[in-house]
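These figures come from a predicted structure and were not determined experimentally. Residues: numbered from 1 along the sequence shown.
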Amino acid sequence: MSERIYLLPVWIRAWHWCNALLILTLIVTGASLHFSDPKLPLLEFSRAASIHNVAGVALASLYGVFVVANIVSGNWWQYVPKPPGIGHRCLVQARYYAYGIFRGESHPYPPTREANFNALQAVVYWFVMYILVPTVVATGLVFMNPEIAPERLFGLDGLLPVAVLHYLSGTIITLFVVAHIYLGTTGVTVTSLFKMMITGWHEH
């Protein structure tokens, strides 16, 4: 018999699904722009550019809402890796994901109302939400307004390092999305964590 605890308020769930939709849109349109091939397009170039720009501005706006809502609600604390033993707990959690889960072992650090995320999740989510997303948003906004880019940077045309940073950040976020979707299947049932992001209730 599973137990349930209410972890996710409505605003977090709404933000999560809007954020997911925008990021998936940016991944598809970004790939269409970066690997454009007239003979085999994911999406026609000019249309991909228009959609990418609109989704990028929407993501930047939504990120602002996320930061403010996290401060006002106190939810920012969930993203802070909490000592002591952060490194050890990350290793224990990584071992569980890579090995223990396939042997039917119990989750080493199940979520609670006080700590929604285990140490590994907190480290990764903090890095994604407070380093990668601001980087991809900032570099994307520079692309949309190239006049604000420096003329030269590291001895190169000012937009080139911005382009590289935007591409690398976007690629890491894409890999995170793939891992995030996979780990979403590791709950009590394959769909329980996805249901949690709809209902707010976590089963354990």
Determine, stepwise, if the pair Tyr130 / Thr135 fulfils side chain to side chain contact (heavy atoms under 4.5 Å, CB included).
CA-CA 9 Å; Tyr130 292 107; Thr135 298; over 6 Å; no

Are Asn116 and Tyr79 close enough that a side-chain donor and a side-chain acceptor fall under 3.5 Å?
no

Closest contact, heavy atoms only, [X] versus [Y]:
| X | Y | result |
| --- | --- | --- |
| Ala119 | Ile86 | CB-O, 4.1 Å |
| Thr112 | Leu7 | O-CD2, 3.5 Å |
| Val123 | Cys90 | CG2-SG, 4.0 Å |
| Leu26 | Gly56 | CD2-N, 3.6 Å |
| Leu59 | Asn19 | CD1-OD1, 3.2 Å |
| Trp76 | Ile71 | CD1-CA, 4.1 Å |

Holding to ring-ring contact (aromatic ring centres under 6.0 Å, His included), I want the full list of residues that pass it with Trp15, two or more places apart in sequence or in another chain.
Phe66

Does any non-hydrogen side-chain atom of [Y] lie less than 4.5 Å from one of [X]?
| X | Y | result |
| --- | --- | --- |
| Tyr96 | Val92 | no |
| Val136 | Tyr167 | no |
| His52 | Val28 | no |
| Leu159 | Pro146 | yes |
| Arg47 | Glu44 | yes |
| Pro134 | Val137 | no |
| Ile23 | Leu21 | no |
| Phe117 | Pro111 | no |

Once rounded to the nearest 0.5 Å, what's the spacing between atom CG of Leu132 and atom CZ of Phe176?
9.5 Å

Spacing of Thr186 atom OG1 and Phe102 atom CZ [to the nearest 0.5 Å]:
9.0 Å

Test item: [X] side-chain N/O and [Y] main-chain N/O as donor-acceptor pair under 3.5 Å:
| X | Y | answer |
| --- | --- | --- |
| Arg89 | Leu120 | no |
| Asn118 | Gln121 | yes |
| Thr185 | Ile181 | no |

Are [Y] and [X] connected into the same hydrophobic cluster when the rule is that any two of I, L, V, M, F, W, Y join if their side-chain heavy atoms are below 4.5 Å apart?
| X | Y | answer |
| --- | --- | --- |
| Tyr97 | Tyr182 | yes |
| Ile27 | Leu33 | no |
| Ile131 | Leu141 | yes |
| Leu62 | Trp17 | no |
| Met144 | Val142 | no |

Donor-acceptor list for residues 193-202 side chains, cut-off 3.5 Å, not counting sequence neighbours:
| unit_1 | atom_1 | unit_2 | atom_2 | d |
| --- | --- | --- | --- | --- |
| Thr199 | OG1 | Lys195 | O | 3.1 |
| Thr199 | OG1 | Trp201 | N | 3.2 |

For a side-chain hydrogen bond (donor to acceptor under 3.5 Å, both in side chains) check, start with the C-alpha distance between Asn75 and Gln78, then their side-chain angles and the critical distance, and finish with the verdict.
CA-CA 6 Å; Asn75 189 64; Gln78 296 290 352; 4.9 Å; no

Might you confirm whether atom CH2 of Trp126 has over 12 heavy atoms from other residues, nucleotides or ligands at distances under 6.0 Å?
no

What do the steps show when you test Val65 against Ser61 for side chain to side chain contact (heavy atoms under 4.5 Å, CB included), and what is the final call?
CA-CA 7 Å; Val65 171; Ser61 302; 5.9 Å; no

Do Lys82 and Glu114 meet the salt-bridge criterion of a basic N to acidic O distance under 4.0 Å?
no

Output, in order, the C-alpha distance, side-chain angles, deciding distance and verdict of side chain to side chain contact (heavy atoms under 4.5 Å, CB included) for Ser73 and Trp11.
CA-CA 10 Å; Ser73 68; Trp11 78 265; 3.4 Å; yes

